[in-house]
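Below is one structure; the comments refer to it alone.
Residue numbers begin at 1 in each chain, while the letters A, B, ... track the order of the sequences.
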Amino acid sequence: MDLKVYNYLTREMEIFEPQVPGRVGMYVCGPTVYDHSHLGHVKTYVAMDVVVRYLKHLGYNVRHVRNITDVGHLLASGEDRIMKGARRYQLEPMEVVETYMASFFADMDALKVLRPHISPRASGHVPEIIQWVQGLIERGYAYEVAGNVYFAVEKFEEYGKLSRRKLEDLEAGARVQVREEKHHPADFALWKRADADHLMRWPSPWGEGYPGWHIECSVMSTKYLGQPVDIHGGGLENIFPHNECEIAQAEAYRDVTFANYWLLVGSLTVDGVKMSKSLGNFLTIKDALQLYTPEALRYFVLSSHYRGPVDFSQEALDAAQRGVERMHNTVRKLRHRIKNAPPAGTALLSDVSGLRDYRNAFEVAMSDDFNTPQALGTLFEFVKEVNRFLSENAYASVGTMVTMERIFTDLAGDVLGILPMSFVEPVESEELVAGLMNLVLTLRQEYRESQDWTQSDYVRSCLTELGITVNDDAGGSTWQLGR
RNA sequence: GGCGACGUGGCCAAGUGGUAAGGCAAGGCUCUGCAAAAGCCUUAUUCGUCGGUUCAAAUCCGACCGUCGCCUCCA
């Protein structure tokens, strides 16, 4: 079955064909680490994670690179994001980066987003960046003005091809305050002069400065994945100017396509409007994980198509939490039945022959531009089928049930990541054990008082087997671990 | 102003020419000592509105209404 993907570059569905059969290079624009990550990141990176997971499921050897932006990304005010964080928290800029990069990775791990193979940082690639900027100047695509180097968009004829923008339109709607030194208002910085109070600075042919925001992705994508890269992914809101600039830089630097397939993820909104700090309507991943399980958050994201927007609301998340629990109940029941069934029993052909259809339907959905909502639909039909089977067959064969369990593990688990490996909940054991022991000894005390020594001794010997010693004294029973 | 996306049952959401998946919620029934879980059934003659094309349209075309995104930092 062919995998079809919607390529933002052509705005068409295309059959996915990597350059080297069986191998896929994928670059995803990562976060700027100047604060804790929020739900918007969940949408983008969970969606991209499922793309990676499904490619692996199809047997591709995937090399996944996702950058960490730790320098050069400015706020609207012109202030550097990292610098702002550093000032706020009285830290070195790189301490800010370290803190929030660790926070980001912790959040992604919690959400079961597979780690990329390489997480390159912009600050670690300044020599390469300088080399590229020089190359662009030499080739006539860039010019220097007082320590700043700009990319001349007019020189790159295809500028705007990804976001379908025309230079004239950009100029006309110029809400961009035109910097006098730019040749064209849409020219963007490749290298910026560091002012006296700018802490992050590197020597360069144009004086001390730091890289512009867009250049790092072109450089690092090409460095680790070659040019062209098979897939370039990220959030749709970055299509302009960021992705557009990446293309311009890379394709002007060497006359080779930058990326073959552009997979862009729709934005997350909150109650209909985009989540943003200025609106104060954002929720950090850490906060969200206090309220919902990782599986529920993933299910929520995957219940709408990755290219479309998704609207966060408490009702939607509650529904996701309950929905994913319904699936978990079935898998839990299945695993419990497998564990407690007699070991004999191969799968009955009549029971499992129809199960292939669910796998196929799932793959048909996923191979159609990663249609996770439809894939989930088939999984829930499967949930119903398994529930029916289990309630109708008190003595189902282990083989049949294992076959069913494998479908959940492969599809809901490995591909979508919405199934926990184990349902054993981490518990505050000390308090719980004390409570349970109190309960057990209270019940046992009733046997003792009615002189039912058989039951009473049975309970005590069971506890002994579990490594718990019970001492019966005049004043009642006490217990201790060990003997 | 320019570019773009979207509008499907109470809520969320698939479905791009052949007669409306799935999840949540609600109601009824079954199972059940009770509870939970689960199963069965019910809930859109209809897909923003109005026209058009077609044997056939949620799906194509046009107009209009509405919502949102990008164009400035964002995942």
Residues from residues 92-112 of chain A lying under 4.0 Å of RNA chain B - heavy atoms
none
Would A:Tyr224 and A:His125 count as a close aromatic pair, with their ring centres under 6.0 Å?
yes
Between A:Lys286 and A:Asp107 (salt bridge meaning N to carboxylate O under 4.0 Å), is one present in this structure?
yes
Give the dot-bracket string for RNA chain B, reading 5' to 3', where a pair is Watson-Crick or G-U wobble with both distances under 3.5 Å, ( ) marks pairs inside the strand, [ ] marks pairs crossing earlier ones, | marks a partner on another strand, and . marks unpaired.
((((((((.[[[..)..(...]]].(((((.......))))).....[[[[[..)....]]]]])))))))....
Any side-chain N or O of A:Arg307 under 4.0 Å from OP1/OP2 of B:A5?
no
Could you check whether A:Gln321 gets within reach of a base, just the sugar-phosphate, or nothing at all, counting any heavy atom under 4.0 Å?
nothing
Kindly say whether A:Ile129 contributes a backbone atom to a donor-acceptor pair with the side chain of A:Glu216 at under 3.5 angstrom?
no
Distance below 4.0 Å between A:Arg164 side-chain N/O and B:G4 OP1 or OP2:
no
When you check the gap from the basic side-chain N to the acidic O, do A:Glu98 and A:Arg121 get nearer than 4.0 Å?
yes
Considering every strand and a 4.0 Å limit on heavy-atom distances, what is the contact class for A:Leu268: base, sugar-phosphate, or nothing?
base
Sticking with atom P, work out how far B:C11 lies from B:A25, rounded to a whole angstrom.
15 Å
Identify each atom pair where a protein N or O and an N or O of nucleotides 14-17 of chain B are less than 3.5 Å apart, giving names and distance.
{"from": "B:A14", "atom 1": "OP1", "to": "A:His305", "atom 2": "N", "distance (Å)": "2.9"}
{"from": "B:A14", "atom 1": "O3'", "to": "A:Asn371", "atom 2": "ND2", "distance (Å)": "3.1"}
{"from": "B:A14", "atom 1": "O2'", "to": "A:Gln374", "atom 2": "NE2", "distance (Å)": "3.2"}
{"from": "B:G15", "atom 1": "OP1", "to": "A:Asn371", "atom 2": "ND2", "distance (Å)": "3.0"}

Under 4.0 angstrom, heavy atoms only, what part of the nucleic acid is A:Gly30 near: base, sugar-phosphate, or nothing?
sugar-phosphate
Taking ring-ring contact (aromatic ring centres under 6.0 Å, His included) as the test, write out the residues that go with A:Phe156, two or more places apart.
none
Residues in ring-ring contact (aromatic ring centres under 6.0 Å, His included) with A:Tyr54, at least two apart?
A:His57
Touch class at under 4.0 angstrom, heavy-atom based, for A:Tyr299 against every strand present
sugar-phosphate
B:G22 phosphate, OP1 or OP2, under 4.0 Å from A:Lys384 side-chain N/O:
no
A:Arg337 side chain near B:A37 phosphate (N/O to OP1/OP2, under 4.0 Å):
no
Using the test salt bridge (Lys or Arg N to Asp or Glu O under 4.0 Å), find all partners of A:Asp109 that sit at least two apart in sequence or belong to another chain.
A:Arg115
Does A:Gln455 CD have over 12 foreign heavy atoms under 6.0 Å away?
yes
Other residues, nucleotides, ligands: >12 heavy atoms within 6.0 Å of A:Gln314 CD:
no
Donor-acceptor contact below 3.5 Å, side chain A:Glu244 vs main chain A:Gly160
yes
